[in-house]
Amino acid sequence: MTTGTTDTTAATRPRAERFDPSTYEGKWRTRWEADEIDAARDDDPRSKRYVLTMYPYPSGDLHIGHWYAAVGPDIVARLHRMQGDNVMFPMGFDSFGLPAENAAISRNIHPAIWTAANIERMRAQFKTMGAMFDWSREVITSDPSYYRWTQWIFSQFFRAGLAYKAMAPVDWCPKDQVVLAREQVEGSDRHCWRCGTPVVKRDLEQWWLRMTNYSDELLDFSGIDYPEPIRLMQTNWIGRSEGAEIDFPTEADGAEPIRVFTTRPDTLFGATFMVLAPEHPLVAVLTSDDRRADVEAYVASARRETEIERMSTEREKTGVFIGAHAVNPMTNERVPIWIADYVLPGYGTGAIMAVPAHDERDFAFAQKFELPIRYVVAPASGELPTDGAFIEHTADEVLADSGEFTGMAAADAIGAITQQLEDTGLGKRAVTYRQRDWLVSRQRYWGAPIPIVYCAEHGAQAVPDDQLPVLLPTDVDFAPTGVSPLQQHAEWLSSTCPVCDGPARRETDTLDTFIDSSWYFLRYCSPHDSERAWDPEKAALWMPVDLYTGGAEHGVLHLLYFRFFTKALRDLGLLDFDEPTRKLRNQGQILGADHQRMSKSRGNVQAPDELVARYGSDTIRAFLMFIGPWDQGGPWNSSGIEGIHRFLGRVWHLAQPERTDGAAPAGTTAELERALTRATHVAIRDVEADYLAFHFNTAISKLMELTNAIARARDAGLVGTDAYRRSVDTLLLLLAPVAPHVTEELWARRGGTYSIHRQAWPVFDAELAAVDTIELPVQVNGKLRERLVVTPDTPQDEIERMALASEKVQAYLGGKPPAKVIHIAGRLVNIVPAR
RNA sequence: GCCGGAGUGGCGGAAUCGGCAGACGCGUCGGUCUCAAACACCGAUGGAGCGUAAGCUUCAUGAGGGUUCGAAUCCCUCCUCCGGCACCA
């Protein structure tokens with residue numbers, strides 16, 4: 001079927017210049033750079049806005065995911081700039097880390113050289129994006145001018161008692177004699193990535209930060225705008241639990257009691273055995289001689305497992321009796337002591353009282369090993385089971401078989417039993433957290449050396465601030481001998497004690513790279529300051545960050561670490577605010593076409609360069625923002641990129657300077673002009689709201705609708721009218737944050753003053769956007785049967801009268817009056833027929 | 001396993017303070033232009049059924065149940081996929 005109509009206007013228009021972004025995109029980027037249009041100035045009187053996106057690891061090549069992550073905040077930063085703010089949008093590189101070291105080992109390239117080359121390549125790739133990055137503030141964390149201050153901050157923490165040394169297990173390859181990172185441990189048998197030898201756990205004394213000092217404060221999100229899922233993840237990660245610590249005396253001579261943590265002290269009468277983590281220090285003390293061989297074998301096997309395996313609630317329970325007993329402080333009964341891998345050394349006290357009747361894991365354990373089950377709480381009215389079944393907790397449960405507490409509501413008994421334990425010195429109220437302190441030692445070369453020296457006399461001492469940075473030596477050997485390159489560097493190792501000037505040995509561990517990324521946002525404020533980590537005046541000007549964007553995969557590590565750092569630095573008197581950013585937004589992850597995370601080893605990495613060369617930067621930017629909700633991401637699929645390119649091409653042709661040849665506009669009417677102006681103002685309102693809500697996909701679809709409306713107006717003969725010209729100008733301004741190059745080029749051609757990115761954002765006028773009529777759906781029993789076209793001010797009863805008068809509605813009512821009429825003003829009318 | 005997120009046409013997605021399911025785009029089909037093709041432009045396009053037609057009916061938002069005048073949206077049970085789980089960053 002065809003209407004046979006053709007676009008006669010197009011046929012008579014002069015042949016337009018082809019849409020070819022390569023003719024102008026580079027030109028404008030060169031000009032913007034020369035004019036420093038994107039440099040944020042500290043002395044700009046306009047209100048500051050600090051927009052930050054997570055800096056990348058310089059892995060070698062920018063992939064399409066980097067574009068996806070950066071273009072979103074770039075759009076918002078550009079909008080804020082057009083709305084009159086002094087916007088800072090910096091970029092840098094998180095350049096310490098494992099991949100550089102792996103490259104050094106496998107390809108014999110020095111990490112510093114590999115990293116520098118990658119940064120250079122990626123910076124050039126970033127620049128083709130046309131983002132408003134302020135490159136004059138670039139930060140590179142592996143540069144001594146940066147890690148000097150990373151070390152300085154560690155020293156401040158050390159002196160304040162926030163850094164301490166304690167044992168921590170590492171994965172160890174017994175053949176290569178080297179500590180392995182998680183990603184270097186492969187397969188379910190957990191073998192070394194290089195030699196295939198099964199890894200073992202090894203305890204090393206390492207540096208920790210007392211992050212748990214801040215657990216409670218980190219649970220407080222008041223005053224900051226974080227996505228709900230991130231708040232939930234962080235809250236659950238910190239995992240605050242209230243309960244009691246209870247001491248169970250053991251029967252061994254002189255051994256200290258076993259301290260347990262429980263959230264349900266009210267079930268104490270039901271504790272019929274105890275379970276220690278295999279790593280618990282009392283295991284060696286309490287194990288009987290006849291059980292020792294079994295216990296040691298079990299401990300060894302548990303230490304080979306990952307925590308994820310150990311926390312699984314679906315696995316068959318395992319454990320061994322250690323041949324010792326403790327005493328239940330309430331019942332004074334002897335209870336056997338077991339060890340089992342489901343009790344973790346790092347949570348609570350590393351020991352539990354097992355109440356099999358009322359805890360599912362303990363129940364499964366008791367069933368398997370035929371341990372006694374005693375019911376001590378029951379639903380208010382309920383009977384206790386006699387068949388040894390597990391019963392769920394209920395809100396109204398009361399204590400049973402619990403001495404003087406029998407019959408008391410469980411909720412009250414928690415307090416009462418805890419009080420009695422406190423009175424008798426056997427226990428106390430306690431809060432525990434799932435979160436642990438932060439282990440910051442890494443047995444690696446490519447990181448910031450921990451600025452500590454060890455003196456035989458004075459122990460661990462911070463390297464004096466005026467001797468920072470502790471430079472990473474470059475003349476090191478990366479042969480996989482196992483030992484860290486730093487440990488073999490005799491000259492570097494030897495230092496002096498700042499207290500006695502005697503000989504001292506350097507710490508050879510380096511800092512976790514998450515330390516580097518916990519303060520980089522501060523360095524951007526004064527990136528070239530050689531006297532201080534940051535200039536307090538400039539930090540006061542820019543901080544806190546107004547908008548921080550990055551992947552949700554950082555939800556519980558980086559995004560907790562940088563909050564912790566801010567609070568710790570505040571308590572050292574170095575900052576006067578509590579949170580690093582006011583607002584956080586997450587983009588989703590762009591997966592490979594195979595629905596897997598993009599990685600070089602999978603070979604599914606999508607590079608942007610070829611696409612940019614073919615379509616231009618603007619098309620790639622707009623396409624990435626159009627493919628779906630920004631916070632969702634998804635697998636890469638380039639189908640549809642032509643559609644976006646066509647859209648920008650339509651804008652290209654539509655927004656060329658209008659040629660009217662002095663003749664009056666051919667077919668215009670006041671009504672058509674009003675309709676175009678209305679569409680333009682609806683677009684201003686919706687596009688702005690969508691940008692600010694990070695709904696870039698719907699913003700672009702609304703820009704397409706406006707473009708289509710302008711094309712219809714052109715075909716109707718409105719070219720040459722003020723309304724038409726204003727609409728086209730507005731379209732370019734609204735599109736500028738997404739497609740900065742083509743809008744700049746068109747703006748210039750239309751005679752606009754340079755630069756479009758310095759123009760004021762269009763102002764929405766509600767009156768111009770107002771509609772004359774609305775269409776109201778009429779439902780019968782929830783199904784659409786009729787539509788009414790009314791003016792917005794039609795009275796409600798008039799609308800209902802019209803709805804009931806409709807022939808179609810009447811047909812469904814069968815002549816009877818309706819049972820009910822539901823009228824949601826401005827939305828719909830639903831008529832419920834009589835039965 | 002635990003924590004968080006997501007499942008809607010052939011495809012990406014739109015519509016979530018419960019109110020017209022499928023905006024916008026891709027693809028496909030038909031047409032205009034062309035010697036022809038490509039590009040571009042115009043039109044149609046969820047499935048099934050009825051009707052010459054305008055149109056009408058009905059089904060449909062991962063599966064099953066529930067609440068409601070009304071459910072993609074709220075509740076319950078389940079399935080699949082993605083992210084995180086403390087040494088990848």
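Because the structure is predicted, anything quoted here is derived from the model rather than measured. Per chain, numbering begins at 1; letters A, B, ... match sequence-line order.
Between the side chains of A:Glu183 and A:Trp193, no donor-acceptor pair of N or O atoms lies under 3.5 Å.
Partner of A:Glu305 under the salt bridge (Lys or Arg N to Asp or Glu O under 4.0 Å) criterion, chosen from A:Arg315, A:Lys201, A:Arg190: A:Arg315.
As the counterpart of B:rG55, B:rC50 is assigned, both hydrogen-bonding distances of the Watson-Crick or G-U wobble pattern falling under 3.5 Å. Pair assignment for B:rA14: none, as no Watson-Crick or G-U wobble contacts are both less than 3.5 Å. With a 3.5 Å ceiling on both atom-pair distances, the Watson-Crick or G-U wobble partner of B:rC81 is B:rG5. B:rC20 is unpaired under the criterion used here, namely a Watson-Crick or G-U wobble arrangement in which both key atom distances are under 3.5 Å. Under the Watson-Crick or G-U wobble criterion, with both distances below 3.5 Å, B:rU67 is left unpaired in every strand shown. In this structure B:rG30 sits in a base pair with B:rC42, meeting the Watson-Crick or G-U test at under 3.5 Å.
Taking atom CZ of residue A:Phe696 and atom C1' of nucleotide B:rG12, one finds them 18 Å apart after rounding to whole Å. A:Asn637 places its CG atom 17 Å from the P atom of B:rC82, with the value rounded to the nearest Å. Remark: P of B:rC20 and CD1 of A:Ile799 are 16 Å apart, rounded to the nearest angstrom. Taking atom CZ of residue A:Arg646 and atom C1' of nucleotide B:rA38, one finds them 13 Å apart after rounding to whole Å. Atom pair A:Ile238:CD1 and B:rA86:P shows a separation of 16 Å (rounding to whole Å applied). Rounded to whole angstrom, the span from the CD1 atom of A:Ile590 across to the C1' atom of B:rG12 amounts to 11 Å. The distance from atom OH of A:Tyr812 to atom C1' of B:rC56 is 8 Å, rounded to the nearest whole Å.
Between the base of B:rC85 and the side chain of A:Glu553 there is no donor-acceptor pair shorter than 3.5 Å. One can find a donor-acceptor pair under 3.5 Å joining the base of B:rC69 and the side-chain atoms of A:Asn830. Below the 3.5 angstrom threshold, one finds no donor paired with an acceptor across the side chain of A:Arg434 and the base of B:rC85. Contact of A:Gln443 with B:rC87 (side chain to base): a donor-acceptor pair of N or O atoms is detected under 3.5 Å. Between the side chain of A:Arg827 and the base of B:rC20, no donor-acceptor pair of N or O atoms lies under 3.5 Å. No hydrogens or angles were tested; on distance alone, nothing pairs the side chain of A:Arg597 with the base of B:rC82 as donor and acceptor under 3.5 Å.
Ring centers of A:Trp446 and A:Phe96: under 6.0 Å apart, within the cut-off. A distance of 6.0 Å or more separates the ring centres of A:Phe623 and A:Tyr615. Taking the six-membered ring for Trp and the full ring otherwise, the centers of A:Phe365 and A:Tyr342 sit less than 6.0 Å from each other.
With rounding to the nearest 0.5 Å, the separation of CZ in A:Phe626 from CZ in A:Phe647 is 9.0 Å.
For B:rG4, neither phosphate oxygen OP1 nor OP2 lies less than 4.0 angstrom from any side-chain nitrogen or oxygen of A:Asn586.
Across all strands shown, A:Gln596 has heavy atoms under 4.0 Å from sugar-phosphate atoms exclusively, and none from any base. Counting any heavy atom pair closer than 4.0 Å across all strands shown, A:Asp631 reaches no nucleic acid atom. Nucleic acid contact class of A:Phe626 (heavy atoms, under 4.0 Å, all strands): base. At a threshold of 4.0 angstrom between heavy atoms, the contacts of A:Ser312 are confined to the sugar-phosphate backbone, with no base atom among them. A:Met704 comes within 4.0 angstrom of the backbone, heavy atoms only, and of no base. At a threshold of 4.0 angstrom between heavy atoms, the contacts of A:His558 with the nucleic acid are absent. Residue-level contact check: A:Trp237 touches the bases, meaning some heavy atom is under 4.0 Å from a base atom.
Taking 90° from 0 as the syn/anti boundary, the base of B:rG47 is oriented anti.
Within the 4.5 Å cutoff, the side chain of A:Lys702 has heavy atoms near those of the A:Thr698 side chain.
Distances were taken from every side-chain heavy atom of A:Lys808 (C-beta onward) to each of B:rG1, B:rC56, B:rC87; the shortest belongs to B:rC56.
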